[in-house]
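One structure below.
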Amino acid sequence: MATPALSQPCFVDLTPDQQNFNIYESLKQIAGFDIPAYDQIDISYYGSTNNIATVQYLKDGNPVATLTLTYAIQPPVANDANLTTASVAYP
């Protein structure tokens with residue numbers, strides 16, 4: 001038998017597949033966000049720096065999500081600025 005994905009008491013009554021599903025759902029909430037299906041991305045930068053301002057995800061030319069990055073100095077004027085916030089918006 002496979003080793004259970006989790007050994008905490010609250011998960012012992014779940015099958016390994018159920019445990020893995022719960023892990024996946026938790027990781028989606030902790031590690032990031034869902035991006036809907038897309039077929040193109042557009043990246044915009046702050047001036048001539050390598051700091052990304054936004055990443056727009058598009059499907060058939062229509063935005064499905066926009067990731068906005070914010071830095072310690074806003075707008076950043078030098079490369080490799082200290083990223084402080086990443087947020088996502090859905091139309």
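In what follows, every heavy atom counts, from backbone to side chain, and hydrogens, waters and symmetry copies are set aside.
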Query raised in the report: How about T68 and S87: does a side-chain donor come under 3.5 Å of a side-chain acceptor?
Result: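 There is no such pair (donor and acceptor under 3.5 Å, judged by atom type) between the side chains of T68 and S87.
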
**Report entry** Y46 side chain to Q74 side chain, donor-acceptor N/O pair below 3.5 angstrom
**Finding:** yes

Report summary line: Heavy-atom closest pair (L69 atom, A86 atom, distance to 0.1 Å) is CD2-CB, 3.6 Å

Query raised in the report: Looking at P91 and A65, what are the two nearest heavy atoms and their distance?
Result: CD-N, 4.1 Å

Report task. Treat each ILVMFWY residue as a node, draw an edge where side-chain heavy atoms are under 4.5 Å apart, and state whether Y38 and Y90 are in one component. Result -> yes

Query raised in the report: Is T84 reaching over with its side chain to a backbone N or O of T70, donor-acceptor style, under 3.5 angstrom?
Result: yes

Query raised in the report: Does atom CD1 of I35 have more than 12 heavy-atom neighbours from other groups under 6.0 Å away?
Result: yes

Under 4.5 Å between any side-chain heavy atoms of [X] and [Y], yes or no?
{"X": "N50", "Y": "D80", "result": "yes"}
{"X": "D42", "Y": "L58", "result": "yes"}
{"X": "P63", "Y": "Y57", "result": "no"}

Report task. Using side chain to side chain donor-acceptor pair (under 3.5 Å) as the criterion, list what pairs up with T49, not counting sequence neighbours. Result -> N51

Report task. Please name all residues satisfying side chain to side chain contact (heavy atoms under 4.5 Å, CB included) with Y45, sequence neighbours left out, ordered by chain then number. Result -> I43, I52

Query - By side chain to side chain contact (heavy atoms under 4.5 Å, CB included) - contacts of D39 (at least two apart) - result: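 By the side chain to side chain contact (heavy atoms under 4.5 Å, CB included) rule, D39 matches K59, D60.
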
Requested in this report: Begin with the C-alpha distance, continue with both residues' side-chain angles, and end with the deciding distance and a verdict on side-chain contact (heavy atoms from CB on, under 4.5 Å) for V88 and T66.
Outcome: CA-CA 6 Å; V88 66; T66 301; over 6 Å; no

